[in-house]
Amino acid sequence: MKKRYIVIAAAVLSLGIAVCGCSLESSDENVTLLSMSDLEALNGGKMPEIQYYYDSDRISLVYGKVSDTKVNNKDDALYVFKELSGLLNISDAESDLRFSVRNPNKGGGIYVFDQYYKDIPTNGSISLSVDSEGNTTRLLNRYIPDIDISVEPELSAEDAAKKAENRYSAKSCEDPKLLVYYIDKKVKLVWDVKLRRSDYPDEVFVDAFNGDIVAEDGPISEVKE
């Protein structure tokens, strides 16, 4: 019952967007924002399967057609994300999303875009699946909405590397890079530190302000205290 309520609430919100005739200005084009009712119409009058993030009205996955736009290249895919900006709470698709890769998929493809914030990469992304004729079939949404943090670190890249190296008795293999990192419903600015030894985490994410270890990625061995 709770999920049904969320779907209805999201539909009401998007219908409000459609009624007000909102549109998105992007470069030299006027893009009309799509609503929940538009998705229903695109799928023959039946709402496509939509999944939401836990305890949230934020869409994580859509199985079905999400646009009438034929997608034959990355520019077409970006245009679709602009159409869906209202539903996905994308602030500015033109500046926030950068094409990453196109993966072949059953005659069609999957267009993957990475999310950036003030030219700094994030761990957010969004992808669009299309069939061999360019029809949209599935959307996976990992876009991080409403980011509002400082991107000026107080901890240096060198100090972040030392923090990770000392904790895991390992050496970093390249210069740390800034990353806007979403974890536990919070957004943090971190240093992404990559380590050499495979029996330790491949990456360690160090808070760029207080030096805390925010997360690790890779096999975890015994930690040096």
Side-chain angles (χ1 to χ4, degrees), residues 6 9-10 13-14 16-17 20 22-27 29 31 33-36 50-62 66-67 74-75 77-101 110-128 139-157 159-161 163-164 175-194 203-217:
I6 291 174
L13 177 61
S14 2
I17 292 173
C20 77
C22 297
S23 61
L24 178 70
E25 293 287 346
S26 177
S27 301
E29 61 192 0
V31 182
L33 298 181
L34 298 177
S35 67
M36 283 288 188
I50 300 177
Q51 296 180 12
Y52 295 83
Y53 285 97
Y54 176 73
D55 199 25
S56 168
D57 62 356
R58 189 160 70 96
I59 294 172
S60 64
L61 188 66
V62 180
V66 295
S67 172
K74 61 183 178 64
D75 293 330
L78 181 61
Y79 184 88
V80 172
F81 295 140
K82 293 174 185 177
E83 292 181 297
L84 296 168
S85 290
L87 290 178
L88 303 179
N89 200 17
I90 297 174
S91 300
D92 186 342
E94 193 77 47
S95 62
D96 293 356
L97 301 178
R98 298 185 187 180
F99 177 70
S100 173
V101 67
I110 304 174
Y111 293 86
V112 182
F113 285 71
D114 293 328
Q115 180 183 357
Y116 282 70
Y117 176 71
K118 295 183 178 179
D119 289 328
I120 294 177
T122 78
N123 63 333
S125 64
I126 189 167
S127 63
L128 182 68
L139 180 138
L140 179 63
N141 179 36
R142 296 289 182 267
Y143 179 88
I144 307 164
D146 305 323
I147 301 176
D148 184 16
I149 62 171
S150 169
V151 293
E152 298 296 332
E154 295 182 3
L155 185 75
S156 69
D159 287 343
K163 180 84 172 182
D175 292 336
K177 294 179 175 58
L178 282 176
L179 177 71
V180 175
Y181 197 83
Y182 181 77
I183 184 172
D184 297 332
K185 297 184 178 181
K186 295 180 180 179
V187 179
K188 298 176 180 290
L189 182 70
V190 303
W191 286 106
D192 181 0
V193 184
K194 292 181 172 61
E203 294 177 90
V204 179
F205 303 98
V206 181
D207 192 301
F209 293 97
N210 59 28
D212 288 346
I213 302 295
V214 172
E216 302 140 330
D217 186 12

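From a predicted model like this one, the values you see are computed outputs, not experimental measurements. Excluded from the calculations below are hydrogen atoms, water molecules and symmetry mates; all remaining heavy atoms, backbone and side chain alike, are included.
- Around CG of Asp212, the count of heavy atoms belonging to other residues, nucleotides or ligands within 6.0 Å exceeds 12.
- Smallest separation of non-hydrogen atoms from Ser127 and Val112: CB-CG2, 4.0 Å.
- Smallest separation of non-hydrogen atoms from Val151 and Lys118: CG2-CD, 4.2 Å.
- Side-chain N or O atoms of Tyr111 include none that pairs as donor or acceptor with a backbone N or O of Asp75 at under 3.5 Å.
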- Message: Between Leu155 and Asp207, is the side-chain contact (heavy atoms from CB on, under 4.5 Å) condition met? List the steps.
- Response: CA-CA 8 Å; Leu155 185 75; Asp207 192 301; over 6 Å; no
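- Using a 4.5 Å cut-off on side-chain heavy atoms (C-beta onward), Val193 and Lys163 make no contact.
- Here the side chains of Ser67 and Leu34 are in contact, with some heavy-atom distance below 4.5 Å.
- Here the side chain of Trp191 pairs no donor or acceptor atom with the backbone of Pro153 at under 3.5 angstrom.
- The shortest side-chain heavy-atom distance between Arg98 and Asp119 falls under the 4.5 Å cut-off.
- Between Arg142 and Tyr53, the closest side-chain pair of non-hydrogen atoms falls below 4.5 Å.
- Atom CD1 of Ile149 is separated from atom CD1 of Ile120 by 7.5 Å, given to the nearest 0.5 angstrom.
- Remark: Tyr181 engages Phe205 in a ring pair (Phe, Tyr, Trp, His ring centres under 6.0 Å) (not counting sequence neighbours).
- Two residues are said to be in side-chain contact when any heavy atoms from C-beta on lie closer than 4.5 Å; Leu128 and Val66 meet this criterion.
- For Asn141 (side chain) and Ile59 (main-chain N/O), a donor-acceptor pair under 3.5 Å exists by modelled atom type.
- Residues passing the ring pair (Phe, Tyr, Trp, His ring centres under 6.0 Å) test with Phe99, sequence neighbours excluded: Phe113.
- Closest non-hydrogen pair, Gly124 versus Ile144, comes out as N-CD1, 3.7 Å.
- Each salt bridge (charged side-chain N to carboxylate O under 4.0 Å, His left out) pair with one or both residues in residues 177-193, not counting sequence neighbours, appears once here: Glu174-Lys177, Asp192-Lys194.
- At least one side-chain heavy atom of Leu178 sits less than 4.5 Å from a side-chain heavy atom of Leu189.
- Considering every non-hydrogen atom in both Ala215 and Ile183, the closest pair reads CB-CD1, 3.9 Å.
- Here the closest non-hydrogen pair linking Val206 and Gly211 is CG1-O, 3.6 Å.
- The minimum heavy-atom distance between Ala93 and Ile90, with the atom names listed, is N-CG2, 3.7 Å.
- If you take CG on Leu87 and CE on Met36, they are separated by 5.5 Å, rounding to the nearest 0.5 Å.
- Separating the CD atom in Gln51 from the CG atom in Leu61 is a distance of 4.5 Å, to the nearest 0.5 Å.
- Annotation: the span from Tyr116 atom OH to Asp96 atom CG amounts to 12.0 Å, rounded to 0.5 Å.
- Two residues are said to be in side-chain contact when any heavy atoms from C-beta on lie closer than 4.5 Å; Leu179 and Tyr117 fail this criterion.
- With values rounded to the nearest 0.5 angstrom, Ser35 atom OG is found 11.5 Å from Glu83 atom CD.
- Considering only heavy atoms from C-beta on, Ser91 comes within 4.5 Å of Tyr143 through its side chain.
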